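Below: one structure, written as structure tokens.
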Amino acid sequence: MAAFVGSSAFPQWRARVEGVGGCARPVKLNARTTLRTTLPHSRLELSTRVEDRSVWVRCGTRRAASCPACSARYEADAYHLVRAGLCGDESKGVPVAVAARPTAFVTLTAPSFGPVHNRPGTRPCTCRAWHREDDPRLGTPIDPAGYDYEAAVLWNNRAGALWADFTRRVRRALAHAGGLTIRDSTRVLALSYAKVAEYQRRGQVHFHAAVRLDGLGGHASNPPAWASADVLADAVRAAAAGTEVLAERADRSPLVLTWGTQLDIQAVDTGSASTATSGPAQVEAGKVAAYIAKYATKSTGVTDGVDHRVSAAEVERLNASAHAKTMMRTALALAEVSHLAGLKLGHWAHMLGYRGHFLTKSRAFSTTFAALRGARAAWTIAQHQLDHGGPDLVLDTEWTVIGFGYRTPEEHTFAAAIAERSLSRLKDKRPTVAGTETSK
């Protein structure tokens with residue numbers, strides 16, 4: 001290690017790692033850039049030169065378990081995306097008028113598939129023990145033999161369908177509240193949202209969503225006056241109670257999938273006078289954005305960051321609880337059932353059956369990740385042009401992949417240290433909101 005630090009190549013290597021923020025597995029590229037300089041009054045190129053250079057770029061993963069540096073950037077982008085949809089941001093194309101619209105922070109959970117160890121608060125667990133916060137038994141079945149693992153895995157797998165049915169029912173309830181038909185309501189009212197999937201300790205996903213009422217033009221127009229925050233909350237309650245998705249078990253017996261009874265609805269305080277209330281069920285917009293962004297970078301929390309398909313043999317070697325392994329084995333077994341093949345449970349066994357995106361939003365809620373990254377790329381290109389002669393410079397680049405990651409344990413060690421220092425300097429000072437543990 002001393003020889004590595006003392007080598008003549010170390011300063012340049014360190015500069016490259018710092019340039020990618022200590023990325024755990026940078027992509028190494030060769031960039032062949034053609035620089036063409038033109039002047040406004042000339043139709044001819046005054047000079048052309050070709051440069052070959054080695055460039056490192058971030059791996060770009062969102063998962064904190066895979067790359068803390070890149071997931072921190074993803075989290076920052078997610079925060080700004082969600083916050084813009086709550087408070088507005090003219091620089092991102094979202095009018096500040098959205099801050100005055102009815103908005104709720106909604107949490108939807110899974111039903112019970114059998115009693116699990118938990119911390120009810122004022123009384124002991126069903127097993128009659130008082131569990132510590134770090135007790136590994138929390139979230140695991142009290143009676144594994146009686147736990148409905150098949151339904152639990154199928155529920156995770158169809159959670160996206162449950163969300164789709166839920167949003168349809170919210171729109172239907174809103175139309176009813178306004179005395180309109182479904183078709184007529186779409187001409188005056190739109191439902192916009194951003195949601196994140198989070199795993200409970202028992203291995204079931206649940207959704208946290210910022211839900212906003214807009215007019216016909218999405219964030220560009222206001223909803224009708226009758227579409228208040230109370231109307232939105234009532235529509236969410238009615239939709240959550242009525243949501244159901246029909247599924248089949250391995251033996252073809254019917255299975256009706258619904259939300260759990262633990263529904264939480266909080267008004268979102270965006271700082272606008274119209275959203276400020278004195279009620280207790282209210283949360284600041286910044287905390288909502290921080291919470292959604294934080295959980296968008298998480299894995300299941302039970303598979304030690306596994307990001308790929310697993311076989312039955314590999315499941316046994318994973319650093320996971322017996323409960324999580326049973327859910328994975330159940331998913332793999334269901335994947336062999338012919339009429340369930342379309343669910344691709346074998347492909348998503350490492351995610352305990354869940355196959356949806358972690359962070360999703362409706363089109364009109366806010367800006368996009370592509371827009372945020374595009375603005376960052378445009379700034380980088382402009383800086384590169386200035387470094388090479390000014391805005392009249394035209395750059396054409398051909399990229400070739402020449403490698404991934406680091407070559408030696410020493411490089412990994414130093415890169416991890418650089419990432420840690422970078423993250424500590426840029427430590428997020430945004431507020432966070434404590435989630436409600438719902439493991440029943």
Side-chain angles (χ1 to χ4, degrees), residues 13-29 55-87 89 91-92 194-199 205 208 210 284-308 351 356-361 365-381 383 404-406 411-435:
W13 178 90
R14 182 176 61 187
R16 290 182 183 276
V17 178
E18 290 175 344
V20 294
C23 173
R25 195 168 184 263
V27 181
K28 301 175 181 179
L29 305 170
V55 178
W56 289 17
V57 298
R58 294 170 178 261
C59 68
T61 182
R62 68 163 183 85
R63 296 179 183 271
S66 299
C67 180
C70 290
S71 70
R73 171 172 285 192
Y74 182 95
E75 182 178 346
D77 283 351
Y79 172 83
H80 289 293
L81 183 150
V82 176
R83 195 177 188 284
L86 296 174
C87 301
D89 189 333
S91 68
K92 295 178 176 60
K195 72 172 176 67
V196 67
E198 178 189 356
Y199 278 87
V205 294
H208 302 285
E284 295 177 5
K287 291 183 178 181
V288 171
Y291 193 80
I292 291 177
K294 172 185 175 183
Y295 281 98
T297 65
K298 300 296 184 182
S299 297
T300 65
V302 294
T303 57
D304 199 25
V306 174
D307 295 330
H308 57 81
M351 301 303 292
H357 294 286
F358 276 78
L359 177 61
T360 59
K361 71 174 189 68
F365 180 80
S366 181
T367 184
T368 64
F369 281 106
L372 295 176
R373 293 162 183 162
R376 190 158 51 233
W379 183 88
T380 302
I381 291 172
Q383 294 301 308
F404 299 91
Y406 302 106
E411 288 189 355
H412 278 282
T413 300
F414 274 104
I418 289 171
E420 186 175 352
R421 288 198 301 271
S422 177
L423 291 173
S424 65
R425 288 195 301 266
L426 301 175
K427 186 176 181 181
D428 190 2
K429 296 182 179 180
R430 296 187 298 270
T432 58
V433 57

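None of the values given here were measured: they were computed from a predicted structure.
Taking each heavy atom of Leu372 and Asp77 in turn, the nearest pair found is CD1-O, 3.4 Å. Shortest non-hydrogen contact noted between Ala72 and Leu423 is CB-CD2, 3.4 Å. Shown here for Ala210 and Phe365, the closest heavy-atom pair between the two residues is O-CE1, 3.9 Å. Across all non-hydrogen atoms, the minimal contact from Cys70 to Gly60 is SG-N, 3.4 Å. Scanning both residues, Ala194 and Ile292, for their nearest heavy atoms gives O-CD1, 3.9 Å. Annotation for Arg25 and Cys59: closest pair O-CB, 3.3 Å, computed over non-hydrogen atoms.
Between Arg63 and Thr297 the shortest side-chain heavy-atom distance does not fall below 4.5 Å. In this structure, Val196 and Lys298 have side chains that are not in contact, with every pair of non-hydrogen atoms separated by 4.5 Å or more. Side chains of Val205 and Glu198 form no contact here, defined as non-hydrogen atoms less than 4.5 Å apart. Contact check for Leu359 versus Tyr74: side-chain heavy atoms found under the 4.5 Å cut-off. Side-chain contact check for Trp13 versus Trp56: some heavy-atom pair is nearer than 4.5 Å.
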**OP:** Start with the C-alpha distance between Phe369 and Lys361, add both sets of side-chain angles, then the distance that settles side chain to side chain contact (heavy atoms under 4.5 Å, CB included), and finish with yes or no.
**Re:** CA-CA 11 Å; Phe369 281 106; Lys361 71 174 189 68; over 6 Å; no

**OP:** Evaluate the criterion side chain to side chain contact (heavy atoms under 4.5 Å, CB included) for residue pair Asp89 and Arg83; output intermediate values, then yes/no.
**Re:** CA-CA 8 Å; Asp89 189 333; Arg83 195 177 188 284; over 6 Å; no

Subject >> Test side chain to side chain contact (heavy atoms under 4.5 Å, CB included) applied to Lys294 and Glu75, step by step >> reply: CA-CA 6 Å; Lys294 172 185 175 183; Glu75 182 178 346; 4.1 Å; yes

**OP:** Please step through side chain to side chain contact (heavy atoms under 4.5 Å, CB included) for the pair Val55 and Arg16, ending with a clear verdict.
**Re:** CA-CA 8 Å; Val55 178; Arg16 290 182 183 276; 5.7 Å; no

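Contacts of His412 classified as ring-ring contact (aromatic ring centres under 6.0 Å, His included), with partners at least two apart in sequence or in another chain: Tyr406. Contacts of Thr367 classified as side chain to side chain donor-acceptor pair (under 3.5 Å), with partners at least two apart in sequence or in another chain: none.
Between the side chain of Ser366 and the backbone N or O of Leu81 there is at least one donor-acceptor pair closer than 3.5 Å. Judged by distance alone, the side chain of Ser422 and the main-chain N or O of Ala419 form no donor-acceptor pair under 3.5 Å. In terms of modelled atom types and a separation under 3.5 Å, the side chain of Thr360 and the main chain of His357 share no donor-acceptor contact. A distance-only check finds a donor-acceptor pair linking the side chain of Arg62 to the backbone of Ala296 [under 3.5 Å].
Under the 6.0 Å cut-off for aromatic ring centres, Tyr295 and Tyr199 do not qualify, their centroids lying 6.0 Å or more apart.
The CZ atom of Arg373 sits 7.0 Å away from the CZ atom of Arg376 when rounded to the nearest 0.5 Å.
Heavy-atom contacts from other residues, nucleotides or ligands closer than 6.0 Å to CD of Glu18 number more than 12.
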